[in-house]
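Data block below; observations after.
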Amino acid sequence: MAATASQSNLAGLPRRLVQDGIIAEEKLTEATDAARKDKIPLIAYLVNQELANARAIAIAASHEFGVPLLDLDALEVDLEVVRSVDQKLINKHRVLPLVKRGQRLFLGISDPTNLAAIDEIKFQTSLRIDPVVVEQDKLEEKITRAIEAVDTSMSDLADDDFDLENLDVSGDPQEDEAVTRDDVEDAPVVRFVNKILLDAINRGASDIHFEPYEKLFRIRTRLDGVLSEVAQPPVALANKLCARLKVMSRMDIAERRVPQDGRIKMRLSKNRAIDFRVNTCPTLFGEKIVLRILDPSSAKLGIDALGYEQQQKDLYLKHLNKPYGMILVTGPTGSGKTVSLYTGLNILNTVDRNISTAEDPAEINLPGINQVNVNPKVGLTFASALKAFLRQDPDVIMVGEIRDLETAEIAIKAAQTGHLVLSTLHTNDAPKTLTRLVDMGVKPYAIATSVSLIIAQRLGRKLCDNCKEVKDIPEEALLKEGFSKEELEAGVTIFGPKGCKQCNEGYKGRVGIFQVMEVSEAMGRIIMEGGNAMQIADQANAEGVHDLRKAGLNKVKEGVTSLEEINRVTIE
């Protein structure tokens, strides 16, 4: 009877906690006094001091007040809904807006008796508030993450290293500047865009994606070949951000129906400027804008930084020093073909050589090289640019990509008549490049007598030297992956990613994986006899040419990258 009388002094949730045996009355009384003294909610105090289980408290509160219970782990918080409530109210009451349905807002709350929170948020949003009971510890974690995500998108954009507002940002000087005065006065948007661009440069990203959807607007960057989300600005800002980027890149901001191309130059200092290649594409909910970051310093890394094995490097240099012939670099988009070509051009770029390039568009500006942007709309195609080059006393010609028979034939004739020609093709490996030219309609004898070197390549993420760890992988699994019995008997140590503060999930930077194939007389005969890619590959293997898979496994043996990464970028 004493216990019942004593409990009758308690009311609401505290009484329920004692009745359910979640906490003793004496401890609850002490906790209530301490929480009042520290000016924090009772439930927060109980959970923080580990006096009661957060899950048990949430269940008791749900039963006591008839309010639905939700496990926050099962819900992805919508940042648009979080933004609809003043952040000061969220911090003051430690509640979290979860879902909005029409004029109803579902509010995550650990104590449903907190009527002040419900009333204030109802007044601020003019919405009907439906409380949902959630666990205190999970609520705190979700609030922290949500506020951080919102802050990343639009708040506290000051940068200690750069003066964001005074950055020198300009577009393609060939375009009309009349449109640049309309949408550049919105300071928060200007600073936010500059911040995103600077962060991407500082992290070493290769691309930035601005993507509008029906209920969210997200920004992603590609770092070391992998896309990850960096911000979710409010959907209402999508058009302003899009207009700002289009103004910066000298596009028509009124035209939203067709794709547009542009360029931005961001001058970080007197000695360093970064170019962005910009493309817009109309989607269902607005224009998606992708920026490719073009850092001129990447072309000046030097051949040793690309990841060639010594034999492969010697072959590339040997054919770069030949007065004529054709060097083809092949691989998918984003595999580093441009950097490989420009590294070669940088080696050839001396005062005694006349070098001309035709590109779509020119990605890296190199003084001393005559670069032409092809423009099919006005008749300036790869083929017409090549014809013009041949009348301008060239020594070295670079064609951005061989896309059609006319371009291929002119490039091959140039290689046969005393010029060094560099170009790219989209094929999976080096042997397929030769048969691809045949499929395009190039005569086999012309291929055999002009193409001298083919480089197929991929880019793989490098393991972080600070945290990479040894992986214990069974011998049978390594044999399946492609290692030979002899290699395993000699001893192979396999490293894998771990992750630390200095890297991105165990990886830092990228390294090239190359198949460098010199076109031998035997390969030329196979081509002229109508042979296929498999026959050429067998001949290359007989001549000691490593395929991409073998080149990748060599990088794994050296501890440069992981087996998982090689499996991602090469075929087993």
Could you give the side-chain donor-acceptor pairs of residues 521-534 under 3.5 Å, partners two or more places apart or in another chain?
residue : atom : partner : partner atom : Å
Asn532  : OD1  : Met534  : N            : 3.1
Asn532  : OD1  : Gln535  : N            : 2.9

Will you find, in the side chains of Thr449 and Gln416, an N or O donor that is under 3.5 Å from an N or O acceptor? yes

Holding to ring pair (Phe, Tyr, Trp, His ring centres under 6.0 Å), I want the full list of residues that pass it with Tyr308, two or more places apart in sequence or in another chain. Tyr316, Phe514

Within the structure provided, determine whether Phe276 and Arg292 are in side-chain contact (heavy-atom separation under 4.5 Å). no

Under the 3.5 angstrom rule, does the side chain of Asn504 hit a backbone N or O of Tyr507 as a donor-acceptor pair? no

Looking at Ala430, is its backbone amide N or carbonyl O close enough to the side chain of Gln515 to form a donor-acceptor pair, meaning the two atoms are under 3.5 Å apart? yes

Any carboxylate oxygen within less than 4.0 angstrom of a Lys/Arg side-chain nitrogen, looking at Lys443 and Glu409? no

Which residues satisfy the ring pair (Phe, Tyr, Trp, His ring centres under 6.0 Å) test with Phe210, sequence neighbours excluded? none

Going through the distances and angles, do Arg549 and Asn567 end up as a side-chain hydrogen bond (donor to acceptor under 3.5 Å, both in side chains)? CA-CA 9 Å; Arg549 179 71 183 174; Asn567 287 335; 2.8 Å; yes

So, Glu518 and Ser452: side-chain donor and acceptor under 3.5 Å apart, yes or no? no

Exercise: identify the closest heavy-atom pair between Phe192 and Ala231: CZ-CB, 4.4 Å

Shortest non-hydrogen contact from Ile293 toward Ala200: CD1-CB, 3.9 Å

Within 6.0 angstrom of Tyr445 OH, more than 12 heavy atoms from elsewhere: no

Of the non-hydrogen atoms in Pro282 and Arg257, which two are nearest, and what is the gap between them? CG-O, 3.3 Å

Atom OH of residue position Tyr324 - does it have more than 12 heavy atoms of other residues, nucleotides or ligands inside 6.0 Å? no

Using the side-chain hydrogen bond (donor to acceptor under 3.5 Å, both in side chains) rule, take Ser356 and Gln392 through it: C-alpha gap first, then chi angles, then the decisive distance, then the call. CA-CA 9 Å; Ser356 296; Gln392 294 216 327; 5.3 Å; no

Strictly by salt bridge (charged side-chain N to carboxylate O under 4.0 Å, His left out), give each pair with a member in residues 416-438 just once, sequence neighbours left out. Asp429-Lys432

Quick one: closest heavy-atom pair of Ile274 and Leu294, and the distance? CG2-O, 4.0 Å

Looking only at heavy atoms, what is the nearest atom pair of Leu463 and Gly496, with distance? CD2-C, 3.6 Å

Looking at Arg220 and Asp207, does any basic side-chain N land under 4.0 Å from a carboxylate oxygen? no

Between Ser423 (side chain only) and Val399 (backbone N and O only), is there a donor and an acceptor less than 3.5 Å apart? yes

So, does Asp224 use its side chain to make a donor-acceptor pair with the main chain of Arg461 at under 3.5 Å? no

By the salt bridge (charged side-chain N to carboxylate O under 4.0 Å, His left out) test, which pairs, at least two apart or in different chains, include something from residues 366-393? Lys387-Glu406

Does the Gln260 side chain pair with the main chain of Glu255, one donor and one acceptor, at a distance under 3.5 Å? yes

Straight-line distance of Thr280 OG1 to Glu287 CD, nearest 0.5 Å: 4.5 Å

Can you check whether Ile303 reaches Asn346 side chain to side chain, under 4.5 Å on heavy atoms? no

Are the side chain of His426 and the backbone N or O of Gly331 linked by a donor-acceptor pair below 3.5 Å? yes

Among Thr427, Ile536, Val519, Leu425, find the one that has a side chain to side chain contact (heavy atoms under 4.5 Å, CB included) with Ile454. Val519

Stepwise side chain to side chain contact (heavy atoms under 4.5 Å, CB included) check, Val374 with Glu359: CA-CA 6 Å; Val374 300; Glu359 301 165 78; over 6 Å; no

Could you check Gln311 against His546 for side-chain hydrogen bond (donor to acceptor under 3.5 Å, both in side chains), going step by step and ending with a plain yes or no? CA-CA 11 Å; Gln311 181 191 15; His546 291 162; 5.7 Å; no

Provide the closest heavy-atom pair for Phe217 versus Glu211 in the form atom of the first, atom of the second, distance. CD1-O, 3.4 Å

In sequence, state the C-alpha distance, the side-chain angles, and the governing distance for Ser520 and Gln539, and then conclude on side-chain hydrogen bond (donor to acceptor under 3.5 Å, both in side chains). CA-CA 9 Å; Ser520 63; Gln539 180 61 35; 4.8 Å; no

Atom pair CD (Gln310) and CG (Leu315), whose distance is rounded to the nearest 0.5 Å: 10.5 Å

Got a donor-acceptor contact below 3.5 angstrom from the Arg353 side chain to the Leu348 backbone? yes

So, Ser335 versus Arg458: side-chain donor-acceptor pair below 3.5 Å or not? no

Lys462: partners by side chain to side chain contact (heavy atoms under 4.5 Å, CB included), with sequence neighbours left out: Val511, Val560

I'd like to know if Asp199 and Arg203 make a salt bridge, using a cut-off of under 4.0 Å between side-chain N and carboxylate O. no

Assess whether atom NZ of Lys288 is packed by more than 12 heavy atoms of other residues, nucleotides or ligands within 6.0 Å. yes

Under 4.0 Å between a Lys/Arg side-chain N and an Asp/Glu carboxylate O for Asp275 and Lys265? yes

Would a 4.5 Å heavy-atom cut-off, applied to side chains only, mark Ile402 and Thr424 as touching? no

Is it the case that the side chain of Lys413 and the backbone of Ala408 share a donor-acceptor pair, with hydrogens and angles ignored and the cut-off at 3.5 Å? no

Between Asn370 and Asn354, is there a side-chain donor-acceptor contact under 3.5 Å, judged purely by atom types and distance? yes

What distance do Ile208 atom CD1 and Thr221 atom OG1 have between them, rounded to the nearest 0.5 Å? 7.5 Å

Expected output: side-chain Asn321 to main-chain Leu317 donor-acceptor under 3.5 Å: yes

Quick one: do the Ser384 and Thr381 side chains pair a donor with an acceptor below 3.5 Å? yes

Rounded at 0.5 Å granularity, tell me how far CD1 in Ile253 sits from SG in Cys242. 9.5 Å

Is any side-chain heavy atom of Leu320 closer than 4.5 Å to a side-chain heavy atom of Leu422? yes

Spatial distance of atom CZ (Phe495) from atom NZ (Lys468) [nearest 0.5 Å]: 5.0 Å

CE of Met440 to OG1 of Thr435: how many Å apart, nearest 0.5 Å? 12.0 Å

